[in-house]
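See below for the structure under consideration.
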Amino acid sequence: MGKQDLEPLSPPAPRTTGRLFDRVRGQHAAVHALPNKGVWLRTIGRELGLARNTVRCLAHAASADELLARRWTGRTSFLDHHKPYLHQRWAQGCTVGHHLFEEIREHGYTGGENVLKKYMAQLRQAFPLDPPRKAPPVRDVTGWLTRHPDHLTDDQAQQL
């Protein structure tokens, strides 16, 4: 991989599907479907099998998206300060997570190795490396060298 400028990866878009998202949406709809006049949160919780505080959060939320997006949006990571260095090392060809973890730990990184591994997986997906080509057999190379250049195919000439 040549030296290329790695742009910082944008944070993943908020999830709109999944077990948690579907469950919260269903619970939110169920709480808001019940008549709110004179029904206690405990009664709603007992009927739906939810804790009173869960029912309270669901009842006060305008939408299920509000419940899911409020905690983790816009948070910084321990890794944010070290991402430019990681991008530089990635462009230089160092793609082994454990080695990079040791390097950034020397530069003051206090987070865990799993955080780095997840980020490295994102880098691998965004900037895949070309797999190394298998060297051709010696017999083939010898044949290409001793053969007249006009009798080589384009692929053979390129490999030679």
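Side-chain atoms are counted along with the backbone in the values below, which use heavy atoms only and exclude waters and symmetry mates. We're numbering straight along the sequence, starting at 1. Just so it is clear, the structure is predicted and the values come from calculations on it, not from any experiment.
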* Asked: Can you tell me how far the CG atom of L41 sits from the CZ atom of R56, to the nearest 0.5 Å?
  -> 8.0 Å
* To do: Kindly compute the distance separating CG (L86) from CG (L123), expressed to the nearest 0.5 Å.
  => 7.5 Å
* **Minimum side-chain heavy-atom gap L100-M120 below 4.5 Å** => yes
* For residues 98-123, which residue pairs qualify under salt bridge (Lys or Arg N to Asp or Glu O under 4.0 Å), counting only residues two or more places apart or in two chains? -> R89-E103, E102-R105
* Asked: Residues in side chain to side chain contact (heavy atoms under 4.5 Å, CB included) with Q159, at least two apart?
  -> R133, P136, W144, D155
* Run the salt-bridge test on K83 and D80 with the 4.0 Å N-O cut-off and return the result as yes or no. => yes
* What are the two closest non-hydrogen atoms of H99 and C94, and how far apart are they? -> CB-SG, 4.4 Å
* Structure fact -> side chain to side chain donor-acceptor pair (under 3.5 Å) filter on R147, not counting sequence neighbours, yields Q156
* Least distance between heavy atoms, R124 atom then T95 atom -> NH2-O, 2.6 Å
* Kindly compute the distance separating CG (L116) from NE2 (H82), expressed to the nearest 0.5 Å. => 10.0 Å
* To do: Output all residues satisfying ring pair (Phe, Tyr, Trp, His ring centres under 6.0 Å) with H148, sequence neighbours left out; order by chain, then residue number.
  => H151
* Inter-residue atom distance R52.CZ - C57.SG, 0.5 Å rounding -> 11.0 Å
* Report, as yes or no, whether the 6.0 Å neighbourhood of atom CG on N53 holds more than 12 heavy atoms from other residues, nucleotides or ligands. => yes
* Could you walk me through whether I104 and L79 pass the side-chain contact (heavy atoms from CB on, under 4.5 Å) test, one step at a time? => CA-CA 9 Å; I104 63 173; L79 201 57; 3.8 Å; yes
* **Atom pair OH (Y119) and CH2 (W90), whose distance is rounded to the nearest 0.5 Å** => 10.0 Å
* Partners of F78 by ring pair (Phe, Tyr, Trp, His ring centres under 6.0 Å), sequence neighbours excluded? -> none
* Shortest non-hydrogen contact from V55 toward G45 -> CG2-CA, 3.6 Å
* Asked: In chain order, what residues pass the side chain to side chain contact (heavy atoms under 4.5 Å, CB included) check against H81, with sequence neighbours excluded?
  -> none
* Asked: Is there a donor-acceptor contact under 3.5 Å from the side chain of T54 to the main chain of L50?
  -> no
* Spacing of NE2 belonging to H32 relative to CD1 belonging to I44, to within rounding of 0.5 Å -> 9.5 Å
* Kindly determine whether Y109 and V115 satisfy side-chain contact (heavy atoms from CB on, under 4.5 Å), including the steps that lead there. => CA-CA 11 Å; Y109 175 67; V115 174; 3.5 Å; yes
